[in-house]
Amino acid sequence: MKGRNKILVVGYNMKGQGGKETVCRKLFDLLSTDCSGTDVEFLFIDDYKQGVGDVCDNWLGNAPFARINSSVANTKVRRFSFAVKLAGIIRRKKPSLIIAIDPLSCYISYFARVISMRKFNIFSWIHTSLDALYKAVYVTKADFHLAISSGITQQLSKMGVSESNIFLVHNSVARARMLLPRPKGAASFVYIGRLSDKDKNVSELLKSLANVLGEWTLHIIGSGPDEPNYRDLARELNIDRRIVWHGWREKPWDYVFSEIKEVSALLLTSRIEGFGMSLAEAMSYGVYCVSSDCQSGPSDIIRESVNGELYPPGREDILTARLQSIVGGASLPDGEKIRESIEHLYDDAYLTRIKCALKI
């Protein structure tokens, strides 16, 4: 491309407190630092039917952004009004390409491009399993696709997207400077994430741990709608004294280093993932991981017995056996080897894939 590359990242109903925001900010930071000829801006479509609620834009730092909204009652007409507003921004900003991070953003961006009568490519950049998304078929309105996992690549193919238009880029993680030590005594497990059974399935984790013999502690970092139910379940299972509820932490791994200090393994029992960022982050600190082999994400990160283990979703007996082995003192891979096992996910390798896909 001649001149400066102008990338407009478009997202639908983003309040500023989720995983999508984290990876968007990472993309901005990496491209801003490495690509002096590339400008990245954000456009958020606010379509909250029952009020916006708490919106936080602090995560953006110095990244330029704008928000658009509409008071039109009819859903189809309202989305068209978003497309008209976005078309006006496209005419002013003249982006080289748009990255749409959800199906509705792909849909609105497609019609905005038609209205603006400008030529540029639209890339989808979906951050969870397409099977879990509203109007997932709208993703096919994009010309090309940045897939964060092999599972999403397969889902796009099943929707009729040509493999030549899909770029497997994964997500990125910073190369950690320190390794997190393991305890020499009782096992110390960590869960980091949203407390929601619909997708994260923490009840499966609690039920499996209830059958593990020996000394262990589970540290839960996160919050969510099902936390009261999980606390009740822990009491019913008689494991509540073994669980420490730390709440949501803005920088969870800094908190782990300062407050928990030693970790045997990070645990993930999700029904649905896009990538499984907590797994990659844990491995960057040399932490062994045990995860469900859900449709999208973990199998791209975990290498069996090299940096972690997978178990079939819903098989509490197999998860219990994996955790029992760790509590029983099984020999785990060296932390440095675990950290080295995800070289392909560190920022430099990720940036190379992104630049190749976007041709910048």
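Side-chain atoms are counted along with the backbone in the values below, which use heavy atoms only and exclude waters and symmetry mates.
- Closest approach of P333 and S305 over heavy atoms only: CG-O, 3.3 Å.
- Residues V263 and R182 fail the side-chain proximity criterion, which asks for heavy atoms closer than 4.5 Å.
- Atom CD of E227 is separated from atom CG of D232 by 10.5 Å, given to the nearest 0.5 angstrom.
- Residue K261 places its NZ atom among more than 12 non-hydrogen atoms of other residues, nucleotides or ligands, all under 6.0 Å distant.
- S149 and S296 share a side-chain donor-acceptor pair at under 3.5 Å.
- P225 places none of its side-chain heavy atoms less than 4.5 Å from the side chain of L195.
- A donor-acceptor contact closer than 3.5 angstrom is absent between the side chains of H344 and H170.
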Self-check item: Candidate pair D226 and K200, rule salt bridge (charged side-chain N to carboxylate O under 4.0 Å, His left out), full reasoning
Solution: CA-CA 10 Å; D226 289 326; K200 299 301 184 181; over 6 Å; no
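- Aromatic ring pairs are classed by plane angle as parallel below 30°, tilted from 30° to 60° and perpendicular above 60°; the pair F65 and F44 is tilted.
- Ring pair F167/H145: centre-to-centre distance not below 6.0 Å.
- Shown here for S264 and L332, the closest heavy-atom pair between the two residues is O-CD1, 3.8 Å.
- When all heavy atoms are compared, the tightest approach of S196 to D199 is OG-OD1, 3.0 Å.
- I108 and F111 fall within a single hydrophobic cluster, where Ile, Leu, Val, Met, Phe, Trp and Tyr are joined by side-chain heavy atoms under 4.5 Å apart, directly or via other members.
- A salt bridge does not link E204 to K207: none of the charged side-chain nitrogens sits closer than 4.0 Å to a carboxylate oxygen.
- Taking 4.0 Å as the cut-off between side-chain N and carboxylate O, D57 and R67 count as a salt-bridged pair.
- In summary, the side chains of Y191 and H219 do not present any donor paired with an acceptor at a separation below 3.5 Å, with no hydrogens or angles considered.
- Counting heavy atoms from C-beta outward, R175 and E343 have side chains that approach closer than 4.5 Å.
- In terms of heavy atoms, R113 sits closest to N121 at NH1-CA, 4.0 Å.
- Inter-residue side-chain proximity for I90 and I98 is flagged as met; some heavy-atom pair is nearer than 4.5 Å.
- When atom types are taken as modelled, the side chain of N307 and the backbone of I301 share a donor-acceptor pair closer than 3.5 angstrom.
- Of the charged side-chain nitrogens involved, at least one lies within less than 4.0 Å of a carboxylate oxygen, so that R4 and D39 count as a salt-bridged pair.
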Practice problem: Using the side-chain hydrogen bond (donor to acceptor under 3.5 Å, both in side chains) rule, take Y311 and E316 through it: C-alpha gap first, then chi angles, then the decisive distance, then the call. | Solution: CA-CA 9 Å; Y311 76 94; E316 293 173 14; over 6 Å; no
Self-check item: T320 vs D317, side-chain hydrogen bond (donor to acceptor under 3.5 Å, both in side chains): CA-CA, chis, key distance, verdict
Solution: CA-CA 5 Å; T320 295; D317 57 329; over 6 Å; no
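- The shortest side-chain heavy-atom distance between L237 and L206 falls under the 4.5 Å cut-off.
- Residues I272 and D131 form no side-chain contact, since every pair of their non-hydrogen atoms from C-beta on lies 4.5 Å or further apart.
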Practice problem: Decide yes or no on side-chain contact (heavy atoms from CB on, under 4.5 Å) for I302 and M283, but give the supporting numbers first. | Solution: CA-CA 9 Å; I302 288 183; M283 291 176 189; 3.6 Å; yes
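- Side-chain atoms of S172 and D347 form a donor-acceptor pair, as typed in the model, at a separation below 3.5 Å.
- Electrostatic pairing of E262 and K184 does not count as a salt bridge here, judged by no charged N lying under 4.0 Å from a carboxylate O.
- Side-chain contacts under 4.5 Å among hydrophobic residues (ILVMFWY), followed directly or transitively, place V84 together with F80, I115.
- Annotation for E259: atom CD counts as buried by contact number, over 12 foreign heavy atoms lying within 6.0 Å.
- Side-chain contact between I148 and W125: present, with at least one pair of heavy atoms (C-beta onward) separated by less than 4.5 Å.
- Scanning both residues, I342 and A280, for their nearest heavy atoms gives CD1-O, 3.4 Å.
- The two residues V212 and W216 make their nearest non-hydrogen contact at O-NE1, 3.4 Å.
- Put simply, CG on L31 and OG1 on T38 are 6.0 Å apart, with the number rounded to the nearest 0.5 Å.
- The aromatic rings of F28 and F42 sit tilted, their planes meeting at an angle between 30° and 60°.
- A salt bridge links D47 with R78; the closest basic N to acidic carboxylate O contact falls under 4.0 Å.
- Dense packing is recorded around OH of Y346, with more than 12 heavy atoms of other residues, nucleotides or ligands lying under 6.0 Å away.
- Side-chain contact check for S70 and S81: at least one donor-acceptor pair (N or O, by modelled atom type) lies under 3.5 Å.
- A donor atom on one side chain and an acceptor atom on the other are not found under 3.5 Å apart for S162 and N165.
- With salt bridges taken as basic N to acidic carboxylate O contacts below 4.0 Å, none links E21 and R25.
- A distance of 7.0 Å separates CD1 in I89 from CG in L8, rounded to the nearest 0.5 Å.
- Follow the hydrophobic side-chain contacts under 4.5 Å out from V306 and you never reach Y285; the two are in separate clusters.
- With hydrogens and angles disregarded, a donor-acceptor distance shorter than 3.5 Å links the side chain of T140 to the backbone of V137.
- Ionic pairing of K26 and D29 is not present here: no N-O contact between side-chain nitrogen and carboxylate oxygen is shorter than 4.0 angstrom.
- By the 4.0 Å N-to-carboxylate-O rule, E41 lies too far from K94 to be salt-bridged with it.
- No more than 12 heavy atoms of other residues, nucleotides or ligands lie within 6.0 Å of CD in E250, so this atom counts as exposed by the packing criterion.
- Between the side chain of T33 and the backbone N or O of L30 there is no donor-acceptor pair closer than 3.5 Å.
- The backbone N or O of W248 lies less than 3.5 Å from no partner atom in the side chain of S223, so there is not a single donor-acceptor pair.
- No side-chain donor-acceptor contact under 3.5 Å links K6 to the backbone of L97.
- Side-chain N/O atoms of S270 and E273 include a donor and acceptor closer than 3.5 Å.
- Within the 4.5 Å cutoff, the side chain of S150 has heavy atoms near those of the L168 side chain.
- Side-chain contact of D197 with Y230: a donor-acceptor pair under 3.5 Å is present, judged by distance alone.
- In summary, the aromatic rings of Y138 and Y107 are positioned with their centroids under 6.0 Å apart.
- Heavy-atom neighbours of E215 CD from other residues, nucleotides or ligands within 6.0 Å: at or below the threshold of 12.
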